[in-house]
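Letters A, B, ... are given to chains in the order of the sequence lines, protein chains preceding strands, and every chain is numbered from 1. Remember, it's a predicted structure, so these values are computed and weren't measured experimentally.
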Amino acid sequence: MNIEEQLDFLSARAVDFINRDDLKKKLEKAAAEGRGLRIKYGADPSAPDIHLGHVVGLNKLREFQELGHTVVFIIGDFTGMIGDPSGRSQTRKPLTQEQVAINAKSYQEQIFKILDPEKTEIRFNSEWCGKMKFDDVIRLSAHVTVAQMLARDDFSKRYAANQPISMVEFLYPLVQAYDSVMVKADLELGGTDQLFNLLLGRELQKVMGQVPQCVMTLPLIEGLDGVKKMSKSLNNYVGISEPAREMYGKLMSVPDDLMWKYFEYILCWPKDEVQAMHAKVVNGELHPRAAKDRLGQAVVKRFIGEAEALQASEEFTRIFAQKELPDEIPEVVLPAEEMGLLALMVQAGLSKSNGEARRLVVQGAVKINDEKVSDPRMQIVPEEGMIIRSGKRGFVQIKIG
RNA sequence: GGUGGGGUAGCGAAGCGGUCAAACGCAGCAGACUGUAAAUCUGCCCUCUUAGAGUUCGAUGGUUCGAAUCCAUCCCCCACCA
């Protein structure tokens with residue numbers, strides 16, 4: 001690849017890219033010196049489940065690695081241990097050192113499903129932040145003005161709406177920017193919501209006498225609901241370590257319109273190919289379900305395996321299209337004593353309370369051995385192999401013990 | 001330091017002495033319809049038993065036959081002005 005091709009390749013799918021010329025210079029210089037660039041990516045240590053939303057960024061990092069660059073994966077443990085009171089969405093609880101360590105380990109296991117460990121440098125920002133004295137912090141904050149901070153969309157809106165903004169929130173972008181200085185980042189990658197923070201990194205590097213980093217943002221993809229950004233707290237995510245059938249099932253529930261985005265940003269299919277498929281669906285040549293099946297299988301294949309992908313797809317059809325039973329049903333051990341149906345369901349883990357169980361029964365969601373039961377007062381004697389089905393997803397097989 | 005506004009079920013938000021387990025919206029769950037998609041319709045959505053009962057409305061104590069609603073004290077949050 002010549003340099004222009006590299007630039008095209010690296011900036012594909014990016015929303016913001018600041019800027020091509022700077023990156024070109026950096027690439028040329030690095031090539032001349034026979035080294036790779038340092039690509040920074042920051043991770044929040046409180047959410048150890050990597051999901052498809054993260055994959056969008058990780059894919060890009062991987063592409064940088066393919067061209068020989070180094071990914072500096074920063075785990076924001078320092079900030080994570082302080083917590084984030086940014087009231088609006090929700091409070092992030094401060095993490096303990098143990099939790100951070102556990103999460104960090106889990107992170108590594110997961111990101112290396114995508115990244116090349118040989119070209120990844122994992123750093124914790126407590127390494128430098130932890131050493132800073134209060135006067136260092138004050139000096140650092142002298143570099144940024146309130147007006148600059150208020151330039152951030154999020155802040156200005158909240159300020160205008162008389163909503164709280166804590167000092168901590170002002171400080172965090174600064175910490176993140178300082179991270180860039182400390183790892184001498186050549187480019188920082190993030191979601192579009194990170195643009196301000198990434199740019200602040202540029203500013204700070206300039207002040208500290210470094211060549212400012214390039215900045216690249218990638219879209220935040222919507223989660224399963226098709227509206228809100230995929231995130232763990234909204235529980236609309238697909239984790240990359242989920243069991244195959246879960247992963248597949250979740251993907252099948254994605255609104256149709258969203259799947260094209262998933263093809264492009266998660267699977268990195270070429271844009272024209274995605275568009276071609278989209279067109280086929282629009283003109284009726286391809287059933288949307290078939291297209292989504294391809295998506296589901298492709299994602300499962302990528303993170304788990306081809307056989308599992310096929311199996312997940314088949315089982316899905318069996319359970320939901322043909323309403324048959326899955327081939328593995330969780331077993332619950334119960335004594336062979338007569339008990340109320342509701343109690344049985346609670347004990348079998350099919351419902352959280354008797355009330356919920358009653359609701360399910362009354363609404364006709366419960367089947368025992370494929371026969372609908374509708375009397376919540378029913379008494380049951382559990383039998384070996386008895387299968388209780390609750391709704392579309394709840395299955396339990398009784399084992400006497 | 002001053003002024004004003006708040007704390008209600010997972011979230012948002014009504015209620016402001018009885019008819020309140022508490023409107024409404026969102027989320028969630030189930031059923032119908034489907035491609036477990038979306039949209040739509042129906043029902044459910046604190047806990048426990050059948051109609052019924054028991055715990056809820058920041059905390060504690062009080063006034064009342066009766067309080068989420070009134071009073072007192074306390075805790076917490078927010079904005080504005082200094």
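If you find the closest nucleotide of RNA chain B to D225(A) and to M252(A), the one lying nearer the 5' end belongs to D225(A). Take the nearest nucleotide of RNA chain B for P376(A) and for Y248(A): the residue whose nucleotide is more 5' is Y248(A).
Both distances falling under 3.5 Å, in either a Watson-Crick or a G-U wobble arrangement, occur for no nucleotide opposite rA9(B). Across all strands shown, rU63(B) forms no Watson-Crick or G-U wobble pair with both distances under 3.5 Å. Pairing for rC44(B) is with rG28(B), a Watson-Crick or G-U wobble pair whose two hydrogen-bonding atom distances lie under 3.5 Å. Across all strands shown, the partner of rG4(B) is rC78(B), judged by Watson-Crick or G-U wobble contacts whose two distances both fall under 3.5 Å. Within the shown strands, nothing qualifies as a pairing partner of rA14(B) under the Watson-Crick or G-U definition with both distances less than 3.5 Å.
When the P atom is used for both rU60(B) and rC76(B), the distance is 16 Å, rounded to whole Å. Using atom C1' as the reference point in both rA9(B) and rA68(B), the two lie 12 Å apart (nearest Å). For rG43(B) and rA23(B), the P atoms lie 15 Å apart once the distance is rounded to whole Å. Taking the P atoms as reference points, rA27(B) lies 29 Å from rA79(B), given to the whole Å. For the P atoms, the distance from rC11(B) to rC71(B) is 27 Å, rounded to whole Å. To the nearest whole angstrom, the two C1' atoms, one in rU42(B) and one in rU55(B), are 31 Å apart. Nucleotides rU56(B) and rA67(B), compared at atom P, are 12 Å apart to the nearest Å. The gap from the C1' atom of rU69(B) to that of rG15(B) amounts to 8 Å, rounded to the nearest Å.
Closest contact between the side chain of L360(A) and the listed nucleotides rC80(B), rC29(B), rA37(B) involves rC29(B).
The CG-C1' distance, from N236(A) to rG10(B), rounds to 15 Å in whole Å. Residue N354(A) contributes atom CG, which lies 14 Å from atom P of rC45(B) at whole-angstrom precision. Atom-to-atom, CZ of R289(A) to P of rA38(B) comes out at 14 Å; the value is rounded to the nearest Å. If you measure from atom CH2 of W260(A) to atom C1' of rA38(B), you get 14 Å, rounded to the nearest angstrom. A straight line from NZ of K250(A) to P of rA37(B) spans 17 Å, rounded to a whole angstrom. Residue R359(A) contributes atom CZ, which lies 14 Å from atom P of rG43(B) at whole-angstrom precision. For the pair L224(A) CG and rA37(B) C1', the interatomic distance rounds to 11 Å; values are reported in whole Å. Distance NZ (K392(A)) to P (rG28(B)): 12 Å, rounded to an integer number of Å.
Ring planes of F196(A) and F155(A): perpendicular class, angle over 60° (limits at 30 and 60°).
Residue R358(A) has no polar side-chain atom (N or O) positioned under 4.0 Å from OP1 or OP2 of rU47(B). The side chain of S253(A) contributes no N or O atom lying less than 4.0 Å from OP1 or OP2 of rA37(B). For rC48(B), one of the phosphate oxygens OP1 or OP2 lies less than 4.0 angstrom from a side-chain nitrogen or oxygen of S353(A).
In summary, E4(A) and K24(A) engage in a salt bridge, as defined by a charged side-chain N under 4.0 Å from a carboxylate O. Between K60(A) and E63(A) there is a salt bridge, since at least one side-chain N of the basic residue sits less than 4.0 Å from a carboxylate O of the acidic one. Checked for salt-bridge contact, R289(A) and D256(A) miss the test: no charged N lies under 4.0 Å from a carboxylate O. Taking 4.0 Å as the cut-off between side-chain N and carboxylate O, E314(A) and R318(A) do not count as a salt-bridged pair.
G226(A) comes within contact range of no nucleotide atom at all, as no heavy-atom separation falls under 4.0 Å. Residue P288(A) is classed as a base contact, given a heavy-atom separation below 4.0 Å to a base. Using a 4.0 Å heavy-atom cutoff across all strands shown, V254(A) reaches sugar-phosphate atoms only and no base atom.
In terms of heavy atoms, L286(A) sits closest to A291(A) at CD2-CB, 3.9 Å.
A donor and an acceptor atom never sit less than 3.5 Å apart when one is taken from the side chain of D293(A) and the other from the base of rG35(B).
Side-chain contact annotation: Q65(A) with D116(A), donor-acceptor N/O pair under 3.5 Å absent.
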